[in-house]
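What follows is one structure encoded as structure tokens, with my remarks underneath.
Below, chains carry the letters A, B, ... as their sequence lines are ordered, and counting in each starts from 1.
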4 protein chains.
Amino acid sequence: MFIAVVGGGQCSRDEAKLAEAVGTQLAKRGVTLICGGLGGVMAAACKGARAANGRTVGILPGNSREEANPYVDIPVVTGMGEARNVIVVNSAQAVIAIGGQYGTLSEIACALRNKIPVIGLNTWSLSKNGRLVKSIISANTPREAVEKALAAAEGKTKAGEKE
Amino acid sequence: MFIAVVGGGQCSRDEAKLAEAVGTQLAKRGVTLICGGLGGVMAAACKGARAANGRTVGILPGNSREEANPYVDIPVVTGMGEARNVIVVNSAQAVIAIGGQYGTLSEIACALRNKIPVIGLNTWSLSKNGRLVKSIISANTPREAVEKALAAAEGKTKAGEKE
Amino acid sequence: MFIAVVGGGQCSRDEAKLAEAVGTQLAKRGVTLICGGLGGVMAAACKGARAANGRTVGILPGNSREEANPYVDIPVVTGMGEARNVIVVNSAQAVIAIGGQYGTLSEIACALRNKIPVIGLNTWSLSKNGRLVKSIISANTPREAVEKALAAAEGKTKAGEKE
Amino acid sequence: MFIAVVGGGQCSRDEAKLAEAVGTQLAKRGVTLICGGLGGVMAAACKGARAANGRTVGILPGNSREEANPYVDIPVVTGMGEARNVIVVNSAQAVIAIGGQYGTLSEIACALRNKIPVIGLNTWSLSKNGRLVKSIISANTPREAVEKALAAAEGKTKAGEKE
């Protein structure tokens with residue numbers, strides 16, 4: 001199972017705590033963590049995953065593996081700038097969004113467009129023509145976020161199998 | 001001046017009318033229209049621009065220029081799928097979003113991330129932790145959208161010149 | 001008709017002369033010139049095209065339209081680094097390669113892979129297991145290169161129409 | 001250490017044998033194998049690596065992890081078509097090219113452009129203006145290819161450390 005954690009390259013201490021706990025929970029379930037490979041939420045999630053012996057993939061925007069945070073196991077060097085956001089979400093079976101700025105919003109949008117489930121922890125909410133669009137699955141704790149992500153990813157896989 | 005029009009590849013009749021009028025207004029101001037080159041809002045905007053002798057660029061997701069709508073002057077064949085959305089907005093000095101689904105939301109997010117002004121006509125609105133984020137400039141008519149886009153693009157250029 | 005001119009971002013005076021003449025010939029035939037938008041062969045070709053009132057498209061690797069050479073009409077801002085080479089060749093109906101280093105070689109290879117004809121002026125030649133692979137159409141003058149490119153592009157289009 | 005194996009998506013039985021042996025040798029040295037994730041040389045190399053308990057990363061061109069060959073451990077879903085070739089080579093510290101068509105040639109060219117060492121087994125050779133360009137390091141056996149790739153990757157790393 002592959003789950004992406006997306007969020008700001010800079011983040012608050014609270015967001016980092018959430019991300020680290022999410023990383024640890026994912027690793028305990030045997031999930032490979034996909035992320036953008038840089039700092040902030042990405043580094044915190046990778047740190048948490050590695051602390052529980054999890055595997056971490058960092059899809060980097062620049063041209064050097066050196067830009068990866070120290071908890072990235074497998075750096076993928078895209079050289080494609082923000083277009084790498086598309087790869088982060090497409091490589092995941094579910095996405096957990098933590099806080100985040102516009103880069104995170106673009107990842108949420110890409111995931112929803114491709115019918116990849118998105119679980120949100122203190123992140124964006126969306127409305128259109130004044131009505132709330134409830135496409136982001138809300139979670140209140142890291143554990144809940146991971147459980148919902150696993151359930152959604154499995155549901156999607158099973159739905160796919162039926163087709 | 002280069003301005004992008006983004007919106008669904010399929011759209012309502014009302015959205016198509018808005019897009020066509022936006023395309024015409026842009027062409028009358030001598031602006032080159034950038035878009036994703038396919039149908040719906042993109043085709044309507046290109047149609048409006050060409051009717052006023054404007055120039056249209058279509059940044060296509062697939063591998064063939066044949067997929068461009070018939071009003072695209074200059075097809076750019078990326079073969080990069082949705083990652084081409086990043087190119088559409090990065091190539092523009094302002095973005096006008098009309099209606100739209102998640103692909104449009106990802107384009108709005110990319111533009112805002114890169115400090116490219118976004119003008120919205122009946123499109124998404126964003127909030128974070130329960131508070132509305134007023135980053136999309138709202139417009140009520142095609143003419144107003146184009147005027148606000150031109151003003152924002154010029155303001156950005158002047159701000160850039162000062163730096 | 002859309003034809004790409006590829007070659008080094010830095011080039012010899014002789015290569016620049018060839019590129020400028022190719023640009024002028026393309027413009028006189030009403031062809032839109034596609035290139036990577038930077039200096040060297042790209043700038044020389046654009047300069048030649050603009051001198052004959054031709055249209056020039058620059059598919060830029062970085063994040064700013066400011067990096068385009070001054071003869072680019074329509075800058076496309078990809079932010080994707082070298083991956084933009086794929087877009088340059090895919091957007092063309094034939095490719096003219098002038099001199100060039102490894103970046104040019106990658107563009108030649110991409111074009112040949114996608115069955116886009118390549119005309120070479122003082123550029124790479126290829127062999128495999130000791131045998132020359134004659135896939136690059138050789139030309140000795142700018143005029144010959146443009147004529148061969150037009151003929152090849154039209155042949156390809158006609159072949160495509162038959163299918 | 002990360003080393004890429006590139007070659008045709010379809011290949012001869014001899015090329016498949018070479019690729020499988022290269023994959024096994026890489027795994028025995030503890031190297032993570034990077035490839036394009038599809039069939040032919042890519043599948044054979046992954047098969048060899050997995051047989052020796054190695055780790056394999058497949059950088060896929062399409063939109064689905066299902067297109068990965070069964071020996072890919074970590075599928076990266078780019079959705080970017082051939083532009084993914086740039087990611088394959090940029091993510092590697094050395095590249096081993098086996099046989100191959102124009103897609104492989106574009107990967108060789110990208111690697112050389114970015115000063116990533118390329119080791120060739122029965123692959124392309126390059127000349128410019130009639131002179132052979134000896135930039136591809138030739139190898140005669142899978143073991144020799146892997147040894148040369150490791151030496152070149154380490155040399156590059158050490159050279160980088162000195163800077």
Side-chain angles (χ1 to χ4, degrees), chain C residues 6-12 14-15 18 36 38 59 61 78-91 95 97-118 120-136 138 140, chain D residues 6-12 14-15 18 36 38 59 61 78-91 95 97-118 120-136 138 140:
Chain C
V6 303
Q10 295 185 326
C11 71
S12 68
D14 282 354
E15 288 170 338
L18 289 172
L38 301 181
I59 315 279
T78 71
M80 289 191 186
E82 300 148 59
R84 73 84 148 80
N85 289 356
V86 177
I87 305 177
V88 170
V89 301
N90 280 347
S91 298
V95 173
I98 301 172
Q101 302 297 323
Y102 293 117
T104 306
L105 178 60
S106 80
E107 288 170 308
I108 291 171
C110 280
L112 294 174
R113 188 187 180 291
N114 293 341
K115 301 193 199 307
I116 298 168
V118 178
L121 273 166
N122 300 341
T123 192
W124 293 94
S125 61
L126 311 171
S127 34
K128 214 171 142 186
N129 299 329
R131 274 167 301 177
L132 192 67
V133 177
K134 293 188 182 177
S135 42
I136 302 174
S138 177
N140 293 308
Chain D
V6 302
Q10 296 185 325
C11 71
S12 69
D14 282 354
E15 288 169 338
L18 289 172
L38 301 182
I59 316 277
T78 72
M80 289 193 184
E82 299 150 59
R84 74 85 150 77
N85 289 355
V86 177
I87 305 177
V88 170
V89 300
N90 281 347
S91 298
V95 173
I98 300 172
Q101 303 297 324
Y102 293 118
T104 306
L105 178 60
S106 80
E107 289 171 308
I108 292 171
C110 280
L112 293 174
R113 188 189 180 289
N114 293 341
K115 302 193 198 308
I116 298 166
V118 177
L121 273 166
N122 300 344
T123 191
W124 293 93
S125 62
L126 310 171
S127 38
K128 212 171 143 187
N129 299 327
R131 273 168 303 178
L132 192 68
V133 176
K134 294 189 182 178
S135 41
I136 302 174
S138 178
N140 293 308

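- Within the 4.5 angstrom heavy-atom criterion, atoms from both the backbone and the side chain of C:Ser125 approach chain D.
- Highest contact tally toward chain D, considering only C:Leu105, C:Val133, C:Leu132, C:Val86, is held by C:Leu105 [criterion: heavy-atom pairs under 4.5 Å].
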Which is it for D:Gln101 and C:Arg113 under the side chain to side chain contact (heavy atoms under 4.5 Å, CB included) test, yes or no, and what are the steps along the way? CA-CA 8 Å; D:Gln101 303 297 324; C:Arg113 188 187 180 291; over 6 Å; no
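- The contact between D:Ser127 and chain C is made by backbone and side chain atoms together, counting heavy-atom distances below 4.5 Å.
- Contact count against chain C (heavy-atom pairs under 4.5 Å) is highest for D:Ala109 among D:Gly103, D:Ser106, D:Ala109.
- For D:Val89, the side chain to side chain contact (heavy atoms under 4.5 Å, CB included) criterion is met by D:Val95, D:Glu107, D:Cys110, D:Ala111, not counting sequence neighbours.
- Here the CG-OH distance, from D:Asn114 to C:Tyr102, works out to 12.0 Å after rounding to the nearest 0.5 Å.
- Side-chain atoms of C:Lys128 come within 3.5 Å of backbone N or O of D:Gly100 as a donor-acceptor pair.
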